[in-house]
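Here is the structure we will look at.
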Amino acid sequence: MLWSRDQAREYTEAYLALKAATAEGPRPASRSDDAKLVAAKARFNKSEEQLNRAAALNDYAGTAMVVAGVGLIALLWWLRFSHTGSFDPE
């Protein structure tokens with residue numbers, strides 16, 4: 001499994017924590033000075049990176065399966081006709 005329920009839950013919790021940190025009360029002059037906001041953003045970025053990696057792997061896995069299927073069909077076709085020395089099905 002590329003993306004587990006725990007990872008999905010962590011992603012949701014990280015998003016909600018980031019949203020809460022950005023919406024809380026008055027902010028210091030520089031948002032980069034807010035330790036809670038910086039931590040929430042780092043947590044969300046890490047989770048989002050894992051999600052993006054899982055999505056990319058999912059795309060590559062589908063492509064790899066199609067290529068493997070086509071290769072298997074070609075191999076079986078070649079094996080079927082290679083022993084006769086002719087590609088004529090008779």
Side-chain angles (χ1 to χ4, degrees):
M1 182 180 302
L2 296 175
W3 187 251
S4 70
R5 288 182 187 207
D6 291 336
Q7 287 172 309
R9 188 175 309 120
E10 169 60 22
Y11 179 81
T12 302
E13 290 172 3
Y15 170 77
L16 293 174
L18 178 59
K19 185 176 177 182
T22 57
E24 276 181 0
R27 293 270 154 239
S30 171
R31 292 182 80 97
S32 63
D33 292 340
D34 186 358
K36 189 174 184 179
L37 178 61
V38 170
K41 194 169 190 173
R43 178 183 175 195
F44 177 74
N45 287 343
K46 179 182 175 189
S47 186
E48 187 175 42
E49 181 181 308
Q50 291 174 348
L51 175 62
N52 291 339
R53 191 174 325 132
L57 285 174
N58 192 30
D59 290 343
Y60 294 141
T63 302
M65 286 183 190
V66 168
V67 169
V70 169
L72 182 61
I73 289 170
L75 175 66
L76 292 175
W77 183 78
W78 179 77
L79 287 173
R80 163 70 174 91
F81 297 111
S82 66
H83 72 281
T84 63
S86 169
F87 289 104
D88 187 13
E90 294 179 14

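The distance from the CZ atom of F44 to the OG1 atom of T12 is 9.5 Å, given to the nearest 0.5 Å. The distance from atom NZ of K36 to atom CG of L18, rounded to the nearest 0.5 Å, is 11.5 Å. Distance check: L57 CG to N52 CG gives 11.0 Å after rounding to the nearest 0.5 Å.
A search for side-chain contact (heavy atoms from CB on, under 4.5 Å) contacts involving A8 returns W3, not counting sequence neighbours. Scanning for side-chain contact (heavy atoms from CB on, under 4.5 Å) contacts around N45 gives K41, E48, with sequence neighbours left out. Legend: residues meeting side chain to side chain donor-acceptor pair (under 3.5 Å) with K19, ordered by chain and number and at least two apart, are absent.
The heavy-atom pair separating S47 from A14 by the smallest distance is CB-CB, 4.5 Å.
Other members of a hydrophobic cluster containing V67 are absent, since no ILVMFWY side chain comes under 4.5 Å of it, directly or through relayed contacts. Its side chain outside the 4.5 Å cluster rule for every partner, M65 clusters with none of the Ile, Leu, Val, Met, Phe, Trp and Tyr residues.
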Item to check | Evaluation steps, side chain to side chain contact (heavy atoms under 4.5 Å, CB included), between E13 and R43 | outcome: CA-CA 9 Å; E13 290 172 3; R43 178 183 175 195; 3.4 Å; yes
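Residue pairs meeting the salt bridge (charged side-chain N to carboxylate O under 4.0 Å, His left out) criterion with at least one partner in residues 53-79, sequence neighbours excluded, are E49-R53.
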